[in-house]
Amino acid sequence: MAKPNADDIVVRQVDVGETEQLMTFLLAHYYPEEPLTAGTHPPEPEAADKEFLLSNVPFGTCFVALHEGRIVAAVVAGPKDSHEPEHMAEEARKYAGGKWGSILHLLSAVETATDVCRRFSVPSCLHVHALGVDPQLRGRNLGGRLMETVAQRGRDLGHQLVSVDCTSVYSARLVQRLGYQLINTLRYVDHLDDSGQQVIRPPPPHECVQTLAPFVGKAVVN
């Protein structure tokens with residue numbers, strides 16, 4: 001298949017009636033390589049994980065890149081506020097004992113350490129939860145275009161901040177190129193359960209979760 005030109009790819013908001021298509025894409029081009037998913041057993045995401053991502057669609061903060069009607073990239077984002085550390089801790093306890101619970105255990109630790117709304121004294125934040133690009137079209141700045149679209153949506157909705165927990169070295173490089181600043185790092189080997197065992201063991205080269213954020217009111221630079 002010939003690779004399309006940038007002008008042939010359209011970025012638009014995900015409609016509430018398109019959640020099945022969005023999840024089909026994420027199962028093929030996001031979850032298999034996502035370090036938290038790959039670093040826990042079994043390799044497939046749990047239903048609660050998928051339900052959480054799709055729960056962000058009604059906020060109007062999820063976007064896809066389309067080529068001839070086919071999804072070739074997608075980003076899932078949603079709002080959070082200053083109560084997010086407490087909410088994440090509660091969710092981690094709720095799902096303890098399963099794969100999604102292990103992932104939430106780590107994400108709760110990240111949220112507690114970063115606490116971006118209180119850190120930057122903003123009432124709310126738009127947070128990027130997932131970003132996937134079809135391997136055939138990587139290297140064409142589709143991830144960058146989607147991240148810029150999310151930042152603009154954040155401005156439109158009145159959020160003063162957008163944040164992302166980069167679980168992959170590749171996503172961290174992408175958002176740093178877009179001008180995001182590192183505010184916290186959690187190494188996977190340092191995140192242990194109550195028995196002292198490493199909770200998540202991603203494949204190399206992924207070694208840490210890096211939380212990055214710019215103020216969405218500022219220009220995002222390439």
Side-chain angles (χ1 to χ4, degrees), residues 1-39 42-80 99-100 103 107 126-157 159 162-178 180 202-203 206 212 216 220 222:
M1 179 184 70
K3 291 186 176 181
N5 297 320
D7 292 341
D8 297 329
I9 297 175
V10 177
V11 173
R12 67 165 175 80
Q13 186 176 309
V14 178
D15 184 77
V16 291
E18 298 173 315
T19 55
E20 183 176 348
Q21 298 95 311
L22 174 62
M23 182 51 61
T24 296
F25 176 84
L26 294 173
L27 287 170
H29 300 301
Y30 166 71
Y31 279 115
E33 298 178 2
E34 199 284 309
L36 303 188
T37 305
E44 300 80 13
E46 290 186 346
D49 185 339
K50 295 183 286 185
E51 289 168 3
F52 167 72
L53 285 188
L54 295 182
S55 72
N56 291 280
V57 172
F59 295 120
T61 51
C62 303
F63 297 87
V64 290
L66 298 169
H67 176 244
E68 296 181 347
R70 182 175 70 91
I71 300 176
V72 294
V75 63
V76 175
K80 64 180 182 180
K99 179 184 178 77
W100 182 227
I103 292 173
L107 292 177
L126 194 57
H127 188 76
V128 176
H129 298 290
L131 177 66
V133 179
D134 187 323
Q136 293 184 337
L137 294 177
R138 289 176 185 169
R140 303 176 71 84
N141 196 38
L142 293 182
R145 286 179 64 182
L146 288 173
M147 289 295 295
E148 290 169 349
T149 301
V150 166
Q152 180 59 56
R153 181 60 171 160
R155 287 190 287 270
D156 294 343
L157 293 174
H159 298 292
V162 59
S163 66
V164 55
D165 297 326
C166 294
T167 59
S168 156
V169 296
Y170 308 120
S171 60
R173 290 172 188 168
L174 166 65
V175 298
Q176 285 173 326
R177 287 199 302 269
L178 294 171
Y180 286 54
H206 312 295
L212 300 102
V216 297
V220 178
N222 291 313

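E33 has a carboxylate O that lies under 4.0 Å from a charged side-chain N of R138, or vice versa, which qualifies the two as a salt bridge. Using a 4.0 Å cut-off between charged nitrogen and carboxylate oxygen, D134 and R70 count as a salt-bridge pair.
In this structure Y170 satisfies the side-chain contact (heavy atoms from CB on, under 4.5 Å) test together with S168, R173, P205, H206, sequence neighbours excluded.
The distance from atom NE2 of H67 to atom CG of L137, rounded to the nearest 0.5 Å, is 8.0 Å. In this structure, CG on L157 lies 7.5 Å from OG1 on T61, to the nearest 0.5 angstrom. Taking CG from L107 and CZ from F52, the interatomic distance works out to 8.5 Å, rounded to the nearest 0.5 Å.
What you find for H129 and G78 is that their closest heavy atoms are CD2-N, 3.8 Å. Across all non-hydrogen atoms, the minimal contact from G132 to Y30 is CA-CB, 4.4 Å. When all heavy atoms of P35 and T167 are compared, the pair lying nearest together is CG-O, 3.2 Å.
In this structure the side chain of Y180 never reaches within 4.5 angstrom of the side chain of V128, judged on heavy atoms.
A distance-only check finds a donor-acceptor pair linking the side chain of K99 to the backbone of P42 [under 3.5 Å]. With R145 contributing its side chain and I9 its backbone, the two residues share a donor-acceptor pair below 3.5 Å. D49 places no side-chain N or O within donor-acceptor distance of the main-chain N or O of E46, the cut-off being under 3.5 Å. For E34 (side chain) and L36 (main-chain N/O), a donor-acceptor pair under 3.5 Å exists by modelled atom type.
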Problem set entry | Intermediate values then yes/no, side chain to side chain contact (heavy atoms under 4.5 Å, CB included), L174 and L131 | CA-CA 11 Å; L174 166 65; L131 177 66; 3.5 Å; yes
For this session: Please test V11 against V64 for side chain to side chain contact (heavy atoms under 4.5 Å, CB included), starting from the C-alpha separation and ending with a verdict.
Result: CA-CA 6 Å; V11 173; V64 290; over 6 Å; no
Problem set entry | V150 and L126: CA distance, side-chain angles, deciding distance, side chain to side chain contact (heavy atoms under 4.5 Å, CB included) verdict | CA-CA 8 Å; V150 166; L126 194 57; 3.7 Å; yes
For this session: May I have the step-by-step check of side chain to side chain contact (heavy atoms under 4.5 Å, CB included) for C166 and V175, ending in yes or no?
Result: CA-CA 8 Å; C166 294; V175 298; 3.5 Å; yes
Using atom types as modelled, flag every donor-acceptor pair under 3.5 Å from a side chain in residues 16-27 to any protein atom, sequence neighbours excluded.
from	atom 1	to	atom 2	distance (Å)
E18	OE1	R12	NH1	3.0
E18	OE1	D15	N	2.8
E18	OE2	R12	NH1	3.3
E18	OE2	R12	NH2	2.7
T24	OG1	E20	O	2.9

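Counting only N and O atoms by type, the side chains of H127 and D165 include a donor and acceptor under 3.5 Å apart.
When each of H159, R153, Q152 is checked for a side-chain hydrogen bond (donor to acceptor under 3.5 Å, both in side chains) with D156, only Q152 meets the rule.
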